[in-house]
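Reading through the structure tokens given below for one structure.
Model, not experiment: these values are computed from the prediction.
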Amino acid sequence: MQGLVLQLTRAGFLLLLWLAVWLVVNTLRADARLASGLRPRQRAPRAERRVFSRRGDRVAKYLVVTHGPLANTRITLGNQPVLIGRADDSTLVLTDDYASTRHARLSRDGDEWYVEDLGSTNGTYLDRNKVTAPTRVPLGTSVRVGKTVIELRP
């Protein structure tokens with residue numbers, strides 16, 4: 001009888017331990033979602049999920065600076081990559097202490113544009129997410145380089 005009670009106590013303790021681990025993991029997941037700006041189980045608004053069937057009107061034609069010292073600057077996009085940084089030969093020259101000399105590059109692949117961090121000190125962010133590899137940039141999504149925020153516009 002003592003052996004059975006001991007085994008049931010061990011099983012109950014193990015079950016409580018796994019329950020505690022499960023609660024901690026769920027709490028961490030919920031905190032991570034809140035830190036990204038979403039409520040738990042929240043979906044993107046319907047307009048952001050919509051897929052456009054007409055490709056011609058959804059192609060990026062301009063790079064617009066929305067925040068920072070160069071706000072309202074507009075660059076017409078072509079097929080050439082756009083270099084962003086403090087270097088004089090950059091396409092978008094920033095006077096920002098938080099930007100590196102060669103901070104980021106926007107390059108085109110078909111109708112899509114990709115942002116790539118060029119080993120900057122403070123990083124490049126695509127809508128609050130740090131860019132670690134070439135990443136597709138959707139239209140209207142903010143790209144932050146130092147204190148400057150840019151967007152691709154049709």
Side-chain angles (χ1 to χ4, degrees), residues 14-15 17-154:
L14 188 60
L15 181 66
L17 185 63
W18 277 109
L19 179 64
V21 169
W22 182 77
L23 288 173
V24 168
V25 169
N26 276 348
T27 302
L28 290 174
R29 285 180 54 210
D31 286 348
R33 288 187 64 82
L34 287 174
S36 69
L38 294 175
R39 290 180 301 197
R41 308 273 186 216
Q42 179 184 12
R43 293 181 67 185
R46 186 177 185 100
E48 293 177 16
R49 292 188 313 235
R50 184 174 52 170
V51 177
F52 296 95
S53 59
R54 292 177 285 155
R55 292 177 58 106
D57 60 344
R58 301 308 298 171
V59 176
K61 295 179 184 165
Y62 300 102
L63 175 71
V64 178
V65 179
T66 58
H67 291 59
L70 299 173
N72 299 322
T73 301
R74 187 169 90 166
I75 297 173
T76 303
L77 298 172
N79 291 325
Q80 298 298 320
V82 176
L83 290 172
I84 303 168
R86 290 188 302 169
D88 291 334
D89 62 341
S90 297
T91 311
L92 181 61
V93 179
L94 303 177
T95 56
D96 186 350
D97 292 336
Y98 294 98
S100 298
T101 305
R102 298 214 181 272
H103 197 102
R105 173 177 39 227
L106 280 167
S107 49
R108 187 175 185 163
D109 184 16
D111 287 341
E112 303 292 333
W113 284 86
Y114 291 83
V115 65
E116 177 182 6
D117 186 78
L118 300 176
S120 65
T121 304
N122 294 317
T124 303
Y125 292 85
L126 177 65
D127 198 27
R128 296 186 188 158
N129 298 318
K130 190 169 186 173
V131 174
T132 57
T135 307
R136 188 177 76 81
V137 181
L139 289 175
T141 303
S142 61
V143 176
R144 185 168 55 87
V145 174
K147 293 182 179 178
T148 304
V149 179
I150 59 175
E151 289 181 7
L152 295 176
R153 301 266 173 91

Nearest 0.5 Å, please: how far is [atom2] in [Y] from [atom1] in [X]?
X	Y	atom1	atom2	result
Asp96	Asn122	CG	CG	8.5 Å
Thr73	Leu92	OG1	CG	7.0 Å
Asn129	Asp127	CG	CG	6.5 Å
Thr121	Asp97	OG1	CG	12.0 Å
His67	Arg144	NE2	CZ	11.5 Å

Exercise for review: Give every residue pair that meets the side chain to side chain donor-acceptor pair (under 3.5 Å) criterion with at least one member in residues 130-141, sequence neighbours excluded.
Suggested key: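 Pairs touching residues 130-141 that pass the test: Glu112-Arg136.
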Review point. With a 4.5 Å limit on heavy-atom distance, are the side chains of Tyr125 and Val143 in contact?
Key: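 Sidechains of Val143 and Tyr125: no contact.
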For residues 101-108, which side-chain N or O atoms pair as donor and acceptor with protein atoms under 3.5 Å away, sequence neighbours left out?
| residue | atom | partner | partner atom | Å |
| --- | --- | --- | --- | --- |
| Arg102 | NH1 | Asp89 | OD1 | 3.3 |
| Arg102 | NH2 | Asp89 | OD1 | 3.2 |
| Arg102 | NH2 | Asp89 | OD2 | 2.7 |
| His103 | ND1 | Ser100 | N | 3.0 |
| His103 | NE2 | Ser120 | OG | 3.3 |
| His103 | NE2 | Gly123 | O | 2.9 |
| His103 | NE2 | Thr124 | OG1 | 3.4 |
| Arg105 | NH2 | Glu116 | OE1 | 3.3 |
| Arg108 | NE | Gly110 | O | 2.7 |
| Arg108 | NH1 | Gly78 | O | 3.4 |
| Arg108 | NH1 | Asn79 | OD1 | 3.4 |

Exercise for review: Go through the steps for Tyr62 and Leu77 under the test side chain to side chain contact (heavy atoms under 4.5 Å, CB included), then give the verdict.
Suggested key: CA-CA 5 Å; Tyr62 300 102; Leu77 298 172; 5.6 Å; no
Practice item. Among Asp88, Val93, Leu94, find the residue that satisfies the side-chain contact (heavy atoms from CB on, under 4.5 Å) test when tested with Ser90. Key: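 When side-chain contact (heavy atoms from CB on, under 4.5 Å) is applied between Ser90 and each of Asp88, Val93, Leu94, only Val93 qualifies.
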Point to revise | Minimal non-hydrogen separation, Val137 against Tyr114, with atom names | key: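 Looking at all heavy atoms of both residues, the shortest contact is CG2-C, 4.2 Å.
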Point to revise | Sequence neighbours excluded - salt bridge (Lys or Arg N to Asp or Glu O under 4.0 Å) pairs with any residue from residues 65-81 | key: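 Of all non-adjacent pairs touching residues 65-81, none passes salt bridge (Lys or Arg N to Asp or Glu O under 4.0 Å).
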Cut-off 3.5 Å, no hydrogens considered: what does the side-chain donor-acceptor table look like for residues 145-154, sequence neighbours left out?
| residue | atom | partner | partner atom | Å |
| --- | --- | --- | --- | --- |
| Glu151 | OE1 | Arg153 | NE | 3.0 |
| Glu151 | OE1 | Arg153 | NH2 | 2.8 |

